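Okay, structure first, notes after.
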Amino acid sequence: MPQKIYWIDNLRAIACLMVIVIHTTTWYITGPMAVTGLHWDIANLLNAASRVCVPLFFMISGYLFFGERSAQPRHMLRLVLCLLFYSAVSLAYITWLTPISEGRSLLKMLQKPVFYHLWFFFALIGIYLLSPLIQVKAVKTRYVALLVAVLAVLANPNTVNQSLGSFHWLPVNLYVSGDSIYYLLYALLGRAIGTMDTEKRGMTWLAASGFILCVTGITLGTRQALEINGAFNDTWYLYCGPLVFIAAICLLVLCKNAFHRRTLPGLAIIARYSLPIYGFHALFIHFLRTHHYDDMSRPLLDLPWVFGVTLGGSLLLAIALKRLDKHHLVS
């Protein structure tokens, strides 16, 4: 059990850092006229390598709650309280520091989160509700490979359409649709792979190579889509897309095999405060970008600056919040 805790902590911290990378670089990716050439490609590569962050969070939840123990009422209460608390914080930020209409944010909060990053809490509620009904059994590696090949690639509605003449052959329609299905599948596989014996010869190197190949494919696919459409296209970036799906599995296996002996230096504190860091980080990035405390004309300085300030500021707020929140309801 201690080994499993170590790799889960490492994975949680890595996913948390990746979330900040995604939102730090998105301002470059979605506005290619602001940054072009090599700098756009660097931001694209960093963003592509970090797309697995949200899938990893679902896989961690599945590993923890789709086994012998399930999510309890206290877990659901904490999740709802987190949604309410960070929505209130975001609403205060919107009211005092942005021209965004707080009234409209309130009216639409059950259809659209108050701030964009809070959608994850809504999606996680469904996973928690299903948890008592699910206990994943031990499965073989070849079954997981078959499942991923069929549901994550061949029948994935996010797979790029493929035709041979007038014959349409990809994706195959198995009536698997909706992001929620794939978030649930991530959670199921998180438990299945997490309890599987993955420390076989060559498996770690295979997982590392698979992750690199998937990130390369996401990066090049996004660049090609930009050239074809003349504007950013998120086809290859989708959390439920086939390459992101496979990359998430590869990184899970890699961390499970390579980082199970101890928490890596620097990651322990990130893992401990990952929840409030996630809750606060988007506000820091938005403030820096919209109040001109950044410098997108010099991306090589701007990206680490925004990332560092966001991580440092979110961590400090997280530490302060945890001291106030004695029962760890929102921290």
Side-chain angles (χ1 to χ4, degrees), residues 3-4 6-19 21-22 25 44-64 66 136 138-156 158-160 171 179 181-222 234-261 263-264 267 271:
Q3 290 183 341
K4 296 175 183 177
Y6 288 138
W7 70 261
I8 284 289
D9 281 351
N10 284 318
L11 197 63
R12 182 184 288 114
I14 291 170
C16 184
L17 294 174
M18 284 180 165
V19 167
V21 171
I22 281 183
T25 56
N44 180 34
L45 175 61
L46 291 171
N47 204 301
S50 303
R51 299 313 299 181
V52 298
C53 59
V54 169
L56 289 176
F57 281 132
F58 283 115
M59 296 175 96
I60 290 170
S61 295
Y63 175 77
L64 295 175
F66 280 9
V136 177
V139 294
K140 296 184 180 297
T141 304
R142 59 176 177 268
Y143 167 76
V144 172
L146 177 64
L147 179 69
V148 172
V150 174
L151 295 185
V153 180
L154 298 179
N156 191 333
N158 298 306
T159 295
V160 177
D179 288 350
I181 294 294
Y182 283 91
Y183 299 151
L184 177 60
L185 187 56
Y186 277 129
L188 293 170
L189 288 175
R191 180 64 188 180
I193 298 172
T195 56
M196 190 182 295
D197 178 17
T198 57
E199 295 188 42
K200 299 176 182 177
R201 185 177 180 181
M203 184 65 74
T204 302
W205 286 105
L206 180 63
S209 301
F211 179 75
I212 293 171
L213 287 174
C214 287
V215 170
T216 302
I218 296 167
T219 304
L220 296 178
T222 304
D234 68 350
T235 297
W236 298 90
Y237 271 18
L238 297 174
Y239 292 132
C240 303
L243 288 184
V244 173
F245 202 103
I246 296 172
I249 292 174
C250 290
L251 191 56
L252 174 69
V253 173
L254 178 60
C255 286
K256 181 173 179 286
N257 289 358
F259 307 141
H260 64 274
R261 300 186 188 280
T263 305
L264 297 179
L267 292 187

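Source: prediction; values computed, not measured.
- Taking each heavy atom of Leu151 and Tyr182 in turn, the nearest pair found is O-OH, 2.7 Å.
- Residues Ala207 and Leu254 approach most closely at CB-N, 4.0 Å, considering heavy atoms.
- Once rounded to the nearest 0.5 Å, the distance linking CG of Leu46 with CE of Met18 reads 10.5 Å.
- Side chain of Asn10 to main chain of Leu264: a donor-acceptor pair is present (N/O by atom type, distance under 3.5 Å, no hydrogens or angles).
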Could you list the donor-acceptor pairs under 3.5 angstrom formed between side-chain atoms of residues 51-59 and any protein atom two or more places apart in sequence or on another chain?
residue, atom, partner, partner atom, Å
Arg51, NE, Tyr237, O, 3.1
Arg51, NH1, Asn47, OD1, 2.7
Arg51, NH2, Tyr237, O, 3.4

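- Taking OG1 from Thr263 and CG from Asp9, the interatomic distance works out to 4.5 Å, rounded to the nearest 0.5 Å.
- Interatomic distance, Ile60 CD1 to Leu252 CG, rounded to the nearest 0.5 Å: 8.0 Å.
- For the pair Thr159 (side chain) and Leu154 (backbone), a donor-acceptor distance under 3.5 Å is absent.
- When side chains are defined from C-beta on, Asn44 does not count as touching Trp236, because their heavy atoms never get closer than 4.5 Å.
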*For the pair Asn257 and Trp7, evaluate side chain to side chain contact (heavy atoms under 4.5 Å, CB included) and give the outcome as yes or no after the intermediate values.*
CA-CA 8 Å; Asn257 289 358; Trp7 70 261; over 6 Å; no
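- For the atom pair Phe66 CZ and Leu184 CG, the distance stands at 5.5 Å (nearest 0.5 Å).
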*What do the steps show when you test Phe245 against Asn158 for side chain to side chain contact (heavy atoms under 4.5 Å, CB included), and what is the final call?*
CA-CA 11 Å; Phe245 202 103; Asn158 298 306; over 6 Å; no
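- One distance of note links CD1 of Ile246 with CG of Leu213; it measures 10.0 Å at 0.5 Å rounding.
- Among all heavy-atom pairs drawn from Ile8 and Tyr63, the shortest one is CD1-CD2, 3.7 Å.
- In terms of heavy-atom proximity, Gly217 sits nearest to Leu243 at C-CD1, 3.7 Å.
- Rounded to the nearest 0.5 Å, atoms CG (Leu11) and SG (Cys16) are 11.5 Å apart.
- Residues Leu189 and Val148 are in side-chain contact: their nearest non-hydrogen atoms beyond the backbone lie under 4.5 Å apart.
- Across every non-hydrogen atom of Met196 and Lys256, the tightest pair is O-NZ, 2.7 Å.
- The shortest heavy-atom contact between Ala247 and Cys214 is CB-CB, 3.7 Å.
- Side chain of Asn156 to main chain of Cys240: a donor-acceptor pair is present (N/O by atom type, distance under 3.5 Å, no hydrogens or angles).
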*From CA spacing to verdict: side chain to side chain contact (heavy atoms under 4.5 Å, CB included), Leu17, Leu267*: CA-CA 9 Å; Leu17 294 174; Leu267 292 187; 3.9 Å; yes
